[in-house]
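For the numbers below, each heavy atom of this structure counts, side chains included, while hydrogens, waters and symmetry mates do not. Remember, it's a predicted structure, so these values are computed and weren't measured experimentally. Just follow the structure's listing: the first ligand is 1, and inside any ligand the first atom is 1.
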Amino acid sequence: MDYHELIKKAIAVKENAYVPYSHFRVGAALLTQSGKVFTGCNVENASYSPTICAESTAIVKAVSEGEREFSAIAVVTDTEDFASPCGVCRQRIFEFGGDIEVIMANRDGEYKVYKISDLLPEGFNQESLKKG
Ligand code: THU
């Protein structure tokens, strides 16, 4: 699957974003190493802090379906700026591998690509928990 296809899926799922508070729609499409795609949108809450980001929705959907090996995640918003995952989502992506590519797209479908380890330098992971 090429990045344009993945971005298209992220744009499509963005329509399902539940954003009565921020009105800021985000869509994500997570590509597994086996070629499957899991999409996600942000889901807000009147109590604000329970809000779930689009990237996290996609990750949780995939992992709960038994997937753990990912190659890329595309993220889109309605802005002309490139979508940039929040810190918590960077951590959640990094959990599954420093080489995962993050495709940040804008509303025009333009995009740039980073490795998650570059977006979360010196990130904390399973290795960090090993003692001595
Ligand atoms: N949001 C995401 O879905 N992903 C991010 O990486 C950044 C923020 C959502 C959360 C909230 O619903 C809205 O954008 C405004 O913060």
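E55 places none of its side-chain heavy atoms less than 4.5 Å from the side chain of R92. Contact of the E44 side chain with the P20 side chain is registered, since non-hydrogen atoms from C-beta on lie closer than 4.5 Å.
Paired with Y18 under the rule side chain to side chain contact (heavy atoms under 4.5 Å, CB included), one option of V43, N45, T51 passes, and it is V43.
Pocket lining of ligand 1, defined as residues with a non-hydrogen atom under 4.0 Å away: S22, F24, V26, N42, E44, T51, C53, A54, E55, S84, P85, C86.
Contact detail for V13 and G40: the closest heavy-atom pair is CG1-O, 3.4 Å.
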Can you give each donor-acceptor pair under 3.5 Å made by side-chain atoms of residues 107-119, sequence neighbours left out, with the distance rounded to 0.1 Å?
| from | atom 1 | to | atom 2 | distance (Å) |
| --- | --- | --- | --- | --- |
| E110 | OE1 | N106 | ND2 | 2.8 |
| K115 | NZ | D99 | OD1 | 3.2 |
| S117 | OG | G98 | O | 3.1 |

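A side-chain donor from one of S84 and R90 sits under 3.5 Å from a side-chain acceptor of the other.
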